[in-house]
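Since the structure comes first, as structure tokens, the remarks are kept for the end.
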Amino acid sequence: MDHLKQSCYELSLPVTEKSNPISRDIDRAHSKQMVQILKRCDAEIFEKERNHDPFYQRLYSLPVIQTMVDVAKRVEIILRDPEESLIVLSGCGTSGRIAFLLVTSFNEMLNAQRQKQICSYIIAGGDRALLTSQEAPEDDPGLGARTLEKVCAGKKHVLFIGISCGMSAPFVAGQLDFCLNHLDIFTPVLLGFNPVHMARSELMQDCSFHFKDVAERMAAEQRHKKAYVLNPVLGAEAISGSSRMKGGSATKIILETVLLAGHEAAFRDKMMTPEYMSAWISASEMVYDTTYSRSDEIAALIHKAGESLQMKAHVYYLGWKTLGIIGMTDASECIPTYGADFGDIRGFINNGFSEMKNKEGDLSYLGPEFIIGHKDFVDTILQSLSQNDMILFLFTVNDDLNEVTVLANQLRQRTSNLHAIAHDLEKFTIPETVCHMFETVLNITWPFSSAKDNSVVMRQHWELSTKLCLNAISTGAHVLKGKVYMNYMIDLRVTNSKLYRRAINILQRFTGCSKTECESALLRAVYSTDDLTEDMTRADVHTHTDAANTRERVVPTALVMIQSGCTHAEAQRHLDCHAVIRDAVSACLNSSKTRALWTEHTIK
Ligand code: F1P
């Protein structure tokens, strides 16, 4: 594919789907280089505006900050008059998990201050999606609207924040549309990371409009302060399209700021100014700086996790309180992103579901993926633990260090592959005896401030820091396992319409073939056939993604079929010859390049 074609192709993608030039060679980097690449990509979250470009507003751009002030004022109004009012945060996948984390923490803070808990979360697919990848409900705008209506029944004022990093999830579009049709009750906010004109314009299931229509209607209503679009650009993700990374982090930073600022205004009469908002963001930037100042330790943890995955062993995150949630969120997203098995990277939390405080309560009856307590880990996994399995503790000085010590001692009897990310404070450090139990400790000591709500803010900073580390570890480990080619997730699971389109985009990117050719190869891989029937080609995307859900290596198979012009069975044989997906893809792309060059040469 020549350069011009390739750059036109890139231009047509929204920012959140583009390939980031910084990480183009991440698949060939060793762990220390990887941390530097991820550090530069994450730095783009805080990058200042370039040439006052109105289409590419950044997080610190004045219009973005002003919108944050406006939304925080809505939070304040609701907190001042909580009867019959509600703040709802909603999203799919990582966006829904972050919504859950923010809502539970904010409600807990309100409860501790004897205030009414007025926040609620919605995640597409319900609470089971907090722990496992449930990509299909994301495609249903009607389901989104119905769920929202139910949650808000009887309320007179609702601030609805719909999160879709890629400005693409039909579930969220359905909810925003519902709000726009009931502006007497709802103030809708769209949080995403593309300019409005790049919102998805593909028609949605049983629907006459698309996401971009909704985003444009939202932008129009913003002029009357009836709706708000919060959409700073963060630059492309380090792994193309992996919005769990920068998208998830920025979602957390923006919404925590807005919620806390509204709270400060309601209960401490703090004035909300743009400077005040910028200061909150700068505090998160400090978290970014501090975290990446420990690049060597992060690299060591990537290396260890990579070794475990390469040996087909496991990585287990054992976290306390919200760090447990951060761990489970990171782990759950590896399945759709890297085609990982649920057992490859798993998260556990102290006290299991009673610590989660999710709406639907204990879900352990749903099966092994929903076994999440530390005690469950000891009861079900400890017996079979091998030295190749990596265990990573996630805790802070405010957690029960006695519990940490007891569990670590118990595990040390079976393995020394025990590591930790541990946060403490200048005045309250974690005793060395605790740190010494681990082979590698990423111990970050944070400056202590005695401000009243410091514990809430500190916890948020520890969560963000842990999220950055875990995103780096799980991404790096999968890169080392060969699940990434250049900076593309070539073994993604094609389980919803966005991922289906992404799969076609990846095939176009590497083969230079038309969309139709790539889609046809993808379908042949999805249905394991060389001859697509009419039923197959006529079926809707939903049917395709349903079928793809049970298939392995769908995109690599399609890629080999296109590049080598071979049958499905031959493509499977080619992949079977390579233990590592990246090697199989690279061998296929290189051999066809050589063939093309050779043909060109002989023709001349
Ligand atoms: C939602 C989401 C992602 C996930 C996957 C599928 O994306 O579930 O969290 O990583 O790519 O989509 P978005 O609506 O926030 O863009």
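Order of appearance sets the numbers: ligands from 1, and atoms from 1 within every ligand.
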Only heavy atoms of [X], strictly under 4.0 Å: list the atoms of ligand 1 that pass.
| X | answer |
| --- | --- |
| C165 | 13 (P), 14 (O), 15 (O), 16 (O) |
| T94 | 9 (O) |
| G93 | 8 (O), 9 (O) |
| S95 | 15 (O) |
| A169 | 14 (O) |

How about F178 and F160: are their ring centroids closer than 6.0 Å?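 For F178 and F160, the ring centres are not under 6.0 Å apart.
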Under 6.0 Å between ring centres, would you say that holds for F348 and Y317?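 Ring centroids of F348 and Y317 are no less than 6.0 Å from each other.
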Taking atom 8 (O) of ligand 1 as the reference point, the nearest protein heavy atom with its distance: E138 OE1, 2.9 Å
Do me a favour and list the nearest non-hydrogen protein atom to atom 6 (C) of ligand 1 with residue, atom name and distance?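 Nearest neighbour among protein heavy atoms for atom 6 (C) of ligand 1, to 0.1 Å: E135 OE1, 3.1 Å.
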Interatomic spacing from OG in S497 to CZ in R200 - rounded to 0.5 Å: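 Between S497 OG and R200 CZ, I get 3.5 Å after rounding to 0.5 Å.
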When you measure from the centre of the six-membered ring of Y60, is the NZ or CZ of K48 closer than 6.0 Å and no more than 45° off the axis?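 Judged by the rule, K48 and Y60 form a cation-pi pair.
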K359 to Y121, cation-pi by 6.0 Å centre distance and 45° axis angle: yes
Which is it for M167 and ligand 1 at heavy atoms under 4.0 Å: side chain, backbone, both or neither?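 No part of M167 is near ligand 1 at this cut-off.
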V479 versus I26, closest heavy-atom pair with distance: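 Reported closest heavy-atom pair: CG1-O, 3.4 Å.
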